[in-house]
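Each remark here refers to the structure printed beneath this line.
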Amino acid sequence: MPNRGNAQPIGVFDSGVGGLTVFREIARALPHESLVYLGDCARVPYGTKSPATIIRYSLEAAQHLVERGVKMMVVACNTATAAALPALQQRLAIPVIGVVEPGARAAVAATSGKVGVIATEGTVKSKAYSNAIRALDPSVEVIESAAPLFVALAEEGWANTHVAREVAGIYLEPLIDAGIDTLVLGCTHYPILRATIEKVVGDKVRIVDSAETTAATVKALIGDSGASGIPVHHFLVTDAEERFRRIAGEFLAAEIERLELIAF
Ligand code: DGL
């Protein structure tokens with residue numbers, strides 16, 4: 001169990017800016033908790049790498065956050081969750097939660113039977129969502145499809161451009177034609193493109209973003225930890241801090257203070 005009543009921060013990591021979608025929901029759900037966010041911008045994308053490499057990267061990122069004194073770890077990356085969650089849970093002495101199971105729960109609650117999942121190549125190959133959804137409800141049909149360019153569009157700050165709309169059409173039309181009623185944004189970068197995705201799928205398809213359910217899971221685990229006052233958030237990146245400052249600032253609609261370039 002996490003240490004209740006302690007003001008140590010919560011660690012959150014992703015390959016880049018995508019995990020900020022989870023960061024934002026945790027900060028909303030637990031407004032007195034301090035967070036340390038690590039974006040492994042030097043090595044993004046994770047989605048095209050092998051499971052062995054993703055496990056290595058995830059353990060390095062998590063170890064760095066542990067050295068910063070975090071009291072729990074949120075793996076705000078579906079690819080890292082799919083490949084490395086068991087390894088992280090085994091190696092770390094603090095609670096570790098991922099984003100796939102909360103996303104699967106939200107999808108099962110939303111669907112009337114046919115779920116589309118868009119994710120990175122790594123997550124799709126792992127079948128993490130199909131397995132997690134079917135474990136909750138074996139009657140649900142799941143179609144998984146990779147949408148790797150969404151990561152680059154989010155990292156570039158191109159979420160609301162005509163290029164993003166065109167790419168979204170190409171990725172999503174086969175899923176719409178297959179008759180999905182629910183679409184899981186199975187990569188934490190994708191909610192950055194949510195407005196564009198919504199325009200393409202229309203209002204008959206429910207969109208599931210695991211950020212909110214993940215934040216609710218963190219809240220349930222940590223309870224009211226007793227942290228009070230104004231939270232202090234730190235941001236760590238392994239490269240390209242000015243690009244991160246710009247994109248994160250736009251996404252969070254806030255000035256990114258306390259941003260640090262780190263190396264493992
Ligand atoms: N945001 C990550 C995810 O949720 C990974 C994107 C990437 O680095 O390919 O899968």
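Atoms within a ligand are numbered from 1 in the order they appear, just like the ligands themselves.
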For residues 254-264, please give each side-chain donor-acceptor pair under 3.5 Å, one per line with the distance, not counting sequence neighbours.
residue	atom	partner	partner atom	Å
Arg258	NE	His233	O	3.1
Glu260	OE1	Arg68	NH1	3.2
Glu260	OE2	Arg68	NH2	2.8

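Within a 6.0 Å sphere centred on CG of Asp203, other residues, nucleotides and ligands contribute 12 heavy atoms or fewer. Within a 6.0 Å sphere centred on CZ of Arg245, other residues, nucleotides and ligands contribute more than 12 heavy atoms.
Val66 and Leu59 fall within the same hydrophobic cluster, where Ile, Leu, Val, Met, Phe, Trp and Tyr residues are linked whenever their side-chain heavy atoms come under 4.5 Å apart, directly or through other members.
For the side chain to side chain contact (heavy atoms under 4.5 Å, CB included) with Ile10, the qualifying choice from Ile94, Val70, Ile222 is Ile222, the only one to do so.
Listed by chain and residue number, the protein contacts of ligand 1 are Asp14, Ser15, Val44, Pro45, Tyr46, Gly47, Cys77, Asn78, Thr79, Thr120, Val151, Cys187, Thr188, His189 (heavy atom within 4.0 angstrom).
A distance of 6.0 Å or more separates the ring centres of Tyr37 and Phe13.
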